[in-house]
Structure formats: structure tokens, C-alpha cells
Amino acid sequence: MNLKRIVLGFAASISLFVSASFAEAPLSAFYSDADLNGMGFRKRASSESLELYFNQEDCIFAVRVKESGYVWYSSPLDWEDDEEASGFAMNTMGSLLSIRAKDQRSTFRTANSIVNVVRRNGLEVTPIENGIHLENDFTRDGILIPMDICLDGDSLLLSVDASGIVETPDEEMELDLNLLDFELVPYFGAAPKGEEGFIMVPDGSGAMIRFDNGKSSSGYQQYVYGRDPSIVPARKRNDFQNISLPVYGMCREGAGFIGIFEGSKARGILSAETSGQLTSFNAVSPGFVVRDFDSVSFRERTGTPRDVRIYEKKSFEKLDETYSVRIKFLSGTENSLAGMARAYRNYLQEKSAFPKERHESSPSLVLNYIGAGVKKRTVLGIPMNVNVAYTKFDQVRESVEKLRASGVSDFVVKFDGWTSSGVLGKYPAKSKPASILGGSGDFKKLVSWLSEENIPFYAGADFVQLYQGDIVRIKELTVNRMINKSPVKIPDYRLSTYTDEKTSDNYPYYLLRTGKVKKYFNDFMRGLNGLRGCEGLGLAPDSLGNMLSTDFGRKGLSRNETLREFSSLLEETSKNHPLCLSRPFDYALSSVSYITDLPVVCSRFDIEDASVPFYQMVVQGYIPYSNVAANRSPTLKDYKLSLLSTGADVSFLWISNHADYVRDSRMQWFMDVAEDDWREDAVKLYKEISPITSKVRGAEIVDFKVEGDVHTSVFDNGVTIIVDYGNGTYRIDEGSVR
């Protein structure tokens, strides 16, 4: 069936109606039930706001938004006529699934469902509640993948039940393929060349990819929550921002949508492309890792280096895992970047995964102190790792009082390395304040004084990463295993070569098994809860909120299982202790009281047009937060503008003692954090920024625009803040409340 010819015919017949009512959208975007029936689509489900149609002959489904009549298609209707696509890329356009598998020689094989399923009579369609169930039998590959397409209220829900995936060797063709990953509806809602719009990817703070930008021959592809840390590359090829929020979006002429990774999101992959790269369409799509892989390097007898892939072992029959994506549709003023952020926040609130009440706290100066830290020193002629006092407990009070005397009124204090294990040293097995910082006495005095002064205080510790083993935490018994079953060892990559050079000043670390993390953390909390004078103490267990990995060892937990365990730990702890987290992933947003270190830029991949503060737009008004610390930012000018653009708090990372202490140690990355060097800047920034950000405290960002170097933020209390990164200026407009 030539759907393109039918579409053009219907477009002509309704053009007068469309031009009057939907002038900003393509003619072929709006259809009635009768129109879709005439195009070969049959209604399969209906909800209060949506209708689901399916054309079984062409294996394309359509979702019609009832209120507007806008129709979204799983594939471009004219995909076979695309002049820029060919071969596998063209056939992927018409497919609901695109898969990658490996054969017994570890050779990658790709396949798409339009060729390998539909045209080989491998598709079975059965009705289910609110939708349809597809059995996609990749007959030549011996792989069967079930897929459900359903309406769930105002959403489209796409899901694959892992237990229903079947791999059957083909003895005649001597094929024994194993599924590695798959992409769901690769061209759902794809926008043709010439249409105005953009794709949003949650890369770092967020990134905008404009349609037809022609900036790169490479598309965007990144893992949700970053690459699994248990897959350790021999060479770190680049340094990029993680995806912290598993959501993406597209804004087209007349309508838009957001996609949310829901089931098995820790295995998610996000891809995006612009027209001219593979096809003439702009597209964004979700995918999932089913079976992960790594490589092992060795030298043959001839001395020739060789890399061999090794694969995760997996049996699908008893796998309790569902790969799913939820798509929510946007129209009118909601078809915007701010609309995407609002829709995602509403989704989280409906799931009780995000606060519903606005916060009204005053703008604060966030001070993140480093207490004790490890340094190699000579003891009796022997080089040993010893703890050094970078900031003592009584120095925090002195610091705050100096800042108050200079005009700073509100603070948030975070203190890393307060236990006897310090920062980047031994594991925080006990909640015992470090004696070299003043011990329990000075720690309790600090906690008491900050409480009396109504200054939030968060004591930080890393419960996931193991920097030094001990008699209890022996790496062979307590840390994650790689696919090759060796302990996961994260190298200290050299900045000059991005390789693990294994030199004497190299500081690798390990990742503890999730079960061990849970046990050690609970032991720590029992000790802390028994520490008098520290009842209700705020905590900052950052790595529980932003470090997810897989244990590929025997009976090890998957990344999804780790997410569930860490989420549960944070939720339970937050009932008695306020939590502060650095760049938390979405699962921690229901538990956190304060967020620090939010990125203000994307990874700046070639395909990306602009960094946008999508993360900040989600949390602004509901959870107080700070961006990355001022003295860890490239320039104070851009840092200041990023605060104004979003309403974030001023933040600094400090040590109170001499900065030379960190030289030639694990702490060598903190050479620029001496308090004395930054106090004047902190006071100046706070005095300039806080009167402005106080105007938008507790206010949502309801509109955001990027025009070159100029960023415009509109808040729902009528305040508009315009910043110009080009010349370093800003302007505030206090308009009427929206």
C-alpha cells in the first residue's frame, strides 16, 4: 500500500480546514477517525485523550490526540521514497524494532523488523487490553521479541517483556545468535527536512539539537546514567556529561512529545540524529542493552596485540525485567522546552517520586568543605598513606562568622571527609568524627551551633567506591566483578593520554557489591543514630544517588537491581535525616532535600547546538539546588550568568588550610579550593546574585529561549531574566504574574 499517495490525497481534501485551524502545522498532521480508516489504519484502543490505530499490512501504528486531531506515526509514511536513505538505514525507518546480535565468532549482526519480521511473515498481532501485542519473529536470526503497544491514560506505553525473548539456534544455517541490544520505534514522530523544531536530550544540564542543523555526520548516542562503571575501558576516549534524567523530547511544528525510560531504565540507550546523516528525517529514539559486553586485551605468541570481546551471560526465561518507554504528548504552549520539563515533573509527581509543594527557603551560599583527606607521607622513613586535616570542625564556624561579618546571611554547609577515614581514603566503616579535625567534641559543637543558627548541615561520605581495602573489605570478596569475573578496578586515567598508565602515582579504586553497600551503610547508620547530639543530622551519601553499576559475578545484582536497592536506602534514610546529593539521578529526587553540583553545560558533542538548563527547569521552585561550584567552573562570569538564568544558589568548594597540602596526593585535583583565595569572590557573588534569585524563589520556569548567546528565562511569578553570555550582561524584568 502506498501510504504517501493516500496521505497526499487526504491532505488536499482537508487543506481548507487545516489552513484555517492549524496554520502552524504540516497539512498531513491532523486527521479524523474516518481519514485514518481510509489510509488502512484500524482503531485498536482508545482512552480519554488518545486513540491507537494500527496498519497491519505496513506495520505502522498511529496515535491520534483527540483534542487536536494531531496524529503521530511510528514511521514516516513515505519512508520508502526517502532519497537520502538507503539499505539498512532506509529499512530501519519503516521498522518498529532494530536489533543487534552477535554470532559465535563474536561478529555483530544487525536486523530490522520490516525486512526480517514483516516481510518474512514473522509478525503475529493479537489484541490486548488497551492495545496490541506483537510477536516479532526474526526468522533468519532465530530471535523472537514480544512487544506491547498500549494506551495508558494520556500516554503511549511501549514495552518488551524480557522473559518472552526467545533465542533459537538455526541448525540448517549454522546460526546461533545472541541478542545484544535493541532500539524501539527508531523513527517514531520523526520530522522531515525543512520543518522547524528541535530535539532535547538530557545530556549534562540538557542539550538542544535543532532540526536540519547539518553540524555533524555523527548522531547522538549515550547510555542512561552513563556507561556502566563495571565495563572498564582500557582507554577513556573522551570526557562527557552523564544522562541523569531518563527523558528526552521533540518539539515539532504544531505538537511535541517527551519519552520517559520507565522499566529497566538503567539499561537504557538514547539515540538522536538530524536530517542528512542517515535519512532526510530528524529523529530521537530509545533503546536497551539486553546483553552487555566488554573486551579483553592480550598478546599472541607473535607479540601482536589482540582484543577479544567477552559477553554477559543471560537467560531470559526467568528474567523478571521489562524494557519500557512512556511517551506523553504536548500541544499548544506546552510544546516547548519548558513544557517538556513540566510534563516530566508532573509525571514524577504522579508517581510520588518528586515533591509537590514549592519550597520558600532564602537564597543561600553553599559551602562544601573538605575535612580529612589521604596523603602519602614518610613515616619512620617509610612512605605511607596518612590522613591530613584540610579543614577542621572549628574552622567551619570561623569561616561562616567571617562571611556573616561581610554581609552573607544564609548558608548551606556540606562537610565531606568528616569521619576518621577521610576523603578518598579508607572506607567510612564507622560514624566516628576524625580526631585530627577535632574529634567528636568539636564535631558535636559544630552540629549544635549550626542547628541553633538554622543553617542546614550535611555530613558527606562515599559508601559505594572503595579506595583502600582493609581486613574486612578485601577486594577479592567485596567488590563488583567484571564480565571476565575479575574485580572491577577503575583506573586513574592520565589527562595527557586518557589511558591507565599504572604508574606509582596512579590511584585506582573499586566498586563495592550492592549487598555489601547496603550492609555497611546500615551499620554506619546504626552508629550514627547512637551518636548523641547528632539526632536528625543531615547526610550527603552522594554515590548512592549517582553511581549505578552491575556486578557480573555469580549471583551479582544487575544495574536495575542496584537502582532499586539504592533508592530504597535513600528513601528510608530520608525519613530521619535530611539528604543532600550531588547530581542525583531521577530515582533519588523523592528523597533529597538539597541538590548540589548540577552541571550547567552539555557534553558539546558536534551534533548539539546549545546547552540548556533542562535539569534545573525540572527542579526549580521545588527542590533548592546549586550548580557546580564557582571555583570549579571555567569562568566566574559565565558561572554568575548560569545562576541568574535558573535561580540556583551560589556554591564554593573549600579547604581552610594551605592548598599545598593537596599536592602530590589523591587530592591533587583540588589545588584551586583554598578558602582564603575565594572568600572575597564568594561575598561579592552572593551580594549580587541573592537579591535577584530571591525574586524567583519557589517559582517555576514556564518559558526558556536560546537565541545565540542570549538566554531568556520566564518564571511563573512574572519575573523574566535575560542573560547574554557573549558580553556578560543581564537584565531583569518584573512583569505581571502569569
Side-chain angles (χ1 to χ4, degrees), residues 1-8 11 25-29 39 55 58-63 71-100 108-119 136 158 181-201 207-222 248-257 259 269-287 325 327 605-609:
M1 177 181 294
N2 191 330
L3 279 176
K4 179 182 180 182
R5 187 176 298 115
I6 296 176
V7 168
L8 293 176
L27 294 181
S28 60
M39 295 160 57
N55 182 316
D58 296 290
C59 198
I60 295 178
F61 70 81
V63 179
V71 179
W72 294 92
Y73 300 100
S74 58
S75 297
L77 299 183
D78 56 348
W79 65 269
E80 291 180 283
D81 298 327
D82 193 329
E83 295 180 354
E84 296 193 29
S86 62
F88 186 82
M90 174 176 281
N91 290 324
T92 299
M93 294 173 66
S95 298
L96 299 182
L97 282 170
S98 178
I99 71 170
R100 184 172 61 159
F108 290 158
R109 292 174 176 266
T110 56
N112 49 58
S113 60
I114 193 67
V115 173
N116 298 65
V117 177
V118 178
R119 292 177 181 170
N136 297 277
L158 307 173
D181 47 54
F182 64 86
E183 195 173 3
L184 272 174
V185 289
Y187 285 85
F188 177 86
K193 180 182 290 187
E195 186 174 322
E196 292 290 327
F198 65 86
I199 294 166
M200 187 285 295
V201 293
M208 179 182 290
I209 301 172
R210 299 189 189 279
F211 292 172
D212 308 342
N213 65 18
K215 295 183 63 175
S216 173
S217 59
S218 300
Y220 174 90
Q221 187 173 79
Q222 291 296 307
Y248 60 94
M250 176 179 283
C251 179
R252 292 186 58 176
E253 295 176 1
F257 68 85
I269 307 174
L270 180 60
S271 303
E273 65 184 74
T274 56
S275 64
Q277 292 180 333
L278 296 173
T279 73
S280 63
F281 285 83
N282 303 275
V284 59
S285 61
V325 173
I327 297 176
F605 293 120
D606 290 342
I607 192 176
E608 296 172 334
D609 287 289

Check: Can you tell if the side chain of Val63 reaches within under 4.5 Å of the side chain of Phe61, non-hydrogen atoms only?
Finding: yes
Note to self: Main chain of Asp81, side chain of Asp78: is a donor-acceptor contact present, judged purely on distance under 3.5 Å?
What the structure shows: no
Notebook entry, point to check: So, for Val284 and Gly249, which heavy atoms are closest and what is the spacing to 0.1 Å?
Noted result: CG1-O, 4.2 Å
Note to self: Give me the atom names and distance for the closest heavy-atom approach of Leu77 to Met39.
What the structure shows: CD1-CE, 3.7 Å
Margin query: Test of understanding: with side-chain contact (heavy atoms from CB on, under 4.5 Å), list the residues that count as partners of Arg119, not counting sequence neighbours.
Written below: Trp79, Glu80, Asn91, Ile114, Val115
Margin query: Looking at every non-hydrogen atom in both residues, tell me the closest pair between Trp72 and Gly189 and how far apart they are.
Written below: CE3-CA, 3.7 Å
Item checked: N/O donor-acceptor pair under 3.5 Å between Ser113 side chain and Ser95 backbone -> no
Notebook entry, point to check: Any donor and acceptor pair, going by atom type alone, linking the side chain of Asp606 with main-chain N or O of Lys215 inside 3.5 Å?
Noted result: no
Checklist line | Derivation and outcome, side chain to side chain contact (heavy atoms under 4.5 Å, CB included), residues Leu96 and Phe188 | finding: CA-CA 9 Å; Leu96 299 182; Phe188 177 86; over 6 Å; no
Next item on the list: Any chance you could lay out the side chain to side chain contact (heavy atoms under 4.5 Å, CB included) test for Ile209 and Phe605, step after step, and finish with the verdict?
Entry: CA-CA 10 Å; Ile209 301 172; Phe605 293 120; over 6 Å; no
Item checked: Test item: Gln221 side-chain N/O and Ser271 main-chain N/O as donor-acceptor pair under 3.5 Å -> no
Next item on the list: May I have the step-by-step check of side chain to side chain contact (heavy atoms under 4.5 Å, CB included) for Val185 and Leu158, ending in yes or no?
Entry: CA-CA 9 Å; Val185 289; Leu158 307 173; 3.5 Å; yes
Checklist line | Asp609 side chain vs Arg210 backbone, donor-acceptor pair below 3.5 Å | finding: yes
Notebook entry, point to check: Which pair of heavy atoms, one from Arg252 and one from Ala191, lies closest together, and at what distance?
Noted result: NE-CB, 3.6 Å
Item checked: For Thr92, all residues meeting side-chain contact (heavy atoms from CB on, under 4.5 Å), sequence neighbours excluded -> Phe88, Ser98, Asn112, Pro186, Tyr187
Next item on the list: Give the minimum heavy-atom separation between Pro76 and Met93, together with the two atoms involved.
Entry: CD-O, 3.8 Å
Next item on the list: For residues Leu97 and Leu184, determine if any side-chain heavy atom of one lies less than 4.5 Å from a side-chain heavy atom of the other.
Entry: yes
Margin query: Could you work out, with side chain to side chain donor-acceptor pair (under 3.5 Å) as the rule, every residue matching Glu196, not counting sequence neighbours?
Written below: none
Next item on the list: Check for a donor-acceptor pair, side chain of Glu195 on one end and backbone N or O of Glu253 on the other, with a separation under 3.5 Å.
Entry: yes
Notebook entry, point to check: According to the interplanar angle, ranging from 0 to 90°, do the rings of Phe257 and Tyr248 count as parallel (below 30°), tilted (30 to 60°) or perpendicular (above 60°)?
Noted result: perpendicular
Next item on the list: Just jot down the ring-ring contact (aromatic ring centres under 6.0 Å, His included) partners of Phe198, sequence neighbours excluded, or say none.
Entry: none
Item checked: Rounded distance [0.5 Å steps], CD1 in Ile99 versus CG in Asn116 -> 7.0 Å
Item checked: Interatomic spacing from OG1 in Thr279 to CD in Glu83 - rounded to 0.5 Å -> 12.5 Å
Note to self: Quick check for you: to the nearest 0.5 Å, what is the distance between Ile199 atom CD1 and Glu273 atom CD?
What the structure shows: 8.0 Å
Next item on the list: Mind running side chain to side chain contact (heavy atoms under 4.5 Å, CB included) on Gln222 and Val201 for me, showing each step along the way?
Entry: CA-CA 10 Å; Gln222 291 296 307; Val201 293; over 6 Å; no
Checklist line | Nearest non-hydrogen partners of Lys193 and Ser275, listed with the distance | finding: CE-OG, 3.8 Å
Check: Quick one: side chain to side chain donor-acceptor pair (under 3.5 Å) partners of Asn282, sequence neighbours excluded?
Finding: Asp212
Note to self: Going by the rule salt bridge (charged side-chain N to carboxylate O under 4.0 Å, His left out), which residues pair with Asp181 if we only count those two or more places apart in sequence or in a different chain?
What the structure shows: Arg100
Next item on the list: Would you indicate whether the side-chain heavy atoms of Pro192 and Phe281 approach each other to under 4.5 Å?
Entry: yes
